[in-house]
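In each ligand, atom 1 is the first atom listed, and ligand 1 is the first ligand listed.
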Amino acid sequence: MAFTHLHLHTEYSLLDGANRIHELPGRLKELGMNACAITDHGSMYGVLAFYRTMKEEGIHPLIGCEVYVAQRSHKDKDGTLDREPHHLILLAENNEGYENLVKLVSAGHVDGFYYRPRIDKALLAQYAQGLIALSACLSGEVPRLILAGERQQAVEVALEHRRIFGENNYFLEIQGNGLEDQALVNAELIKISHETGIPLVATNDCHYLLREDAFAHEVLLCMQTGKTINSPDRMKMGTDTLYVRSPQEMEELFANVPEALANTERIAARCQVEIKTGEISLPHFETEPDETAEEMLSRLCAEGLEKRLLQRETGIARQAYLERLDYELSVINSMGYTD
Ligand SMILES: [Zn+2]
Ligand SMILES: [Zn+2]
């Protein structure tokens with residue numbers, strides 16, 4: 001059976017991800033995988049480098065993000081109520097989904113930033129088209145509710161996510177990191193999947209390439225949080241298994257839920273995003289139907305020039321200004337920069 005990593009942090013999960021993009025393809029091929037996702041924390045800075053590198057190496061790239069979902073509105077920024085947004089994995093199924101993901105992540109930075117770039121469920125509902133969502137790690141909303149003993153609430157939130165993203169576009173994510181809490185969450189998620197029909201998917205929340213990189217990753221986390229490796233209260237992952245695991249290891253971990261492994265392949269096949277590179281992408285300006293953008297720009301410039309010429313009293317070379325304006329506009333229009 002094959003397996004695809006759908007939850008993976010690169011070096012662009014700043015001071016948390018230790019996967020160098022250029023080192024990924026070689027390792028993935030060694031392990032017999034031909035597809036992989038990028039899901040950095042709250043950002044898409046690495047997407048283009050990832051996309052290009054994977055394409056060059058013949059590996060199918062899945063474009064995604066592990067977003068932060070505010071517990072209330074993403075515009076609420078209260079010191080106690082809004083500090084712990086939930087994690088959620090979003091993967092673009094097609095170009096519409098990719099564009100929606102870009103909008104969501106941008107909104108998170110522009111309007112929702114509070115310690116982290118955050119979005120909220122209203123935004124998710126608005127931009128859900130073309131996206132596949134996974135319930136994320138132990139910091140996801142559903143896992144958190146399970147750990148809090150709020151099982152019924154967990155089921156309701158899972159159903160809410162399925163309503164937002166649509167049938168077959170929302171998956172309950174089980175991970176094999178060996179953590180006690182995770183085992184508990186996995187067991188409940190499997191039950192909730194049976195009860196609700198929401199499909200399962202297995203991931204490994206990869207933060208580094210090899211198992212032996214776990215210590216370096218702990219040091220990286222210390223740098224992020226301003227601690228040293230000897231600080232007793234430093235943030236710890238509590239596991240050394242967040243590396244790019246082989247399909248065989250994933251199969252062994254989840255032999256009891258083969259559909260969770262098979263779904264990684266189904267999702268990988270579904271996600272087909274084409275990012276056009278090497279092309280200049282300019283904005284389009286909406287004008288009134290009776291005027292083209294070129295005409296509008298010419299009109300506004302002519303009006304502006306008249307105003308400025310009127311402010312000057314004496315015999316300036318009016319004709320020279322008009323000729324120069326014509327010349328500048330012809331350059332702007334011929335280059336396609338009018339909008
Ligand atoms: Zn997470
Ligand atoms: Zn993660």
Side-chain angles (χ1 to χ4, degrees), residues 3-21 24 36-47 50 62-71 83-92 101 104-105 108 112 115-120 124 131-148 154 157-158 161 170-186 189 200-209 211 213-214 217-218 220-221 224-225 235-245 250 253 260 264 267:
F3 172 84
T4 295
H5 282 290
L6 301 178
H7 185 157
L8 179 140
H9 297 276
T10 74
E11 58 206 285
Y12 289 90
S13 286
L14 302 180
L15 297 181
D16 186 6
N19 277 308
R20 295 273 188 206
I21 286 174
L24 268 171
C36 183
I38 179 171
T39 58
D40 281 317
H41 276 306
S43 84
M44 295 173 73
Y45 308 129
V47 162
F50 178 83
L62 280 75
I63 306 304
C65 183
E66 180 165 22
V67 295
Y68 297 101
V69 184
Q71 305 203 13
R83 292 218 30 186
E84 294 291 334
H86 304 303
H87 295 195
L88 184 73
I89 294 287
L90 298 178
L91 298 168
L101 191 59
L104 284 167
V105 169
Y115 295 93
R116 314 228 174 249
R118 307 165 314 144
I119 53 170
D120 63 18
L124 280 174
L131 290 173
I132 294 173
L134 323 181
S135 61
C137 58
L138 292 177
S139 297
E141 185 173 7
V142 174
R144 274 180 175 166
L145 286 166
I146 291 171
L147 288 175
V157 167
H161 280 94
Y170 174 64
F171 292 77
L172 296 170
E173 186 174 340
I174 50 177
Q175 302 187 346
N177 48 35
L179 298 172
E180 225 171 278
D181 280 353
Q182 187 71 54
L184 212 137
V185 165
N186 286 353
L189 289 176
L200 292 167
V201 68
T203 73
N204 203 52
D205 205 351
C206 311
H207 279 70
Y208 36 87
L209 200 60
R211 187 170 217 148
D213 297 332
H217 181 256
E218 294 277 313
L220 194 64
L221 276 180
Q224 185 199 146
T225 50
M235 179 183 165
K236 287 181 191 161
M237 300 307 263
T239 174
D240 64 354
T241 61
L242 304 181
Y243 57 95
V244 179
R245 281 193 197 253
M250 295 304 291
L253 285 167
T264 67
I267 292 171

N/O/S atom name from Glu66 that is nearest to the position of the Zn ion (ligand 2)
OE1
Of all N/O/S atoms in His7, the name of the one nearest the Zn ion (ligand 2)
NE2
Check whether [X] reaches the backbone of [Y] with its side chain - one donor and one acceptor, N or O, closer than 3.5 Å.
X      : Y      : answer
His217 : Asp16  : yes
Ser135 : Leu172 : no
Asn204 : Tyr243 : yes

Any N, O or S atom of His41 closer than 2.8 Å to the Zn ion (ligand 1)
no
I'd like to know: is the Zn ion (ligand 1) within the 2.8 Å range of an N/O/S atom from Asp205, strictly under that distance?
no
Of all N/O/S atoms in His87, which lies nearest to the Zn ion (ligand 1)?
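Closest to the Zn ion (ligand 1) among those atoms: ND1.
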Counting backbone and side-chain atoms alike, does His207 have an N/O/S atom under 2.8 Å from the Zn ion (ligand 2)?
no
Rounded distance [0.5 Å steps], OG in Ser139 versus NE2 in His41:
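That separation rounds to 8.0 Å.
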For Asp40 and Thr10, test the side chains for any donor-to-acceptor distance below 3.5 angstrom and give the result as yes or no.
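The criterion, which ignores hydrogens and geometry beyond distance, is satisfied for Thr10 and Asp40.
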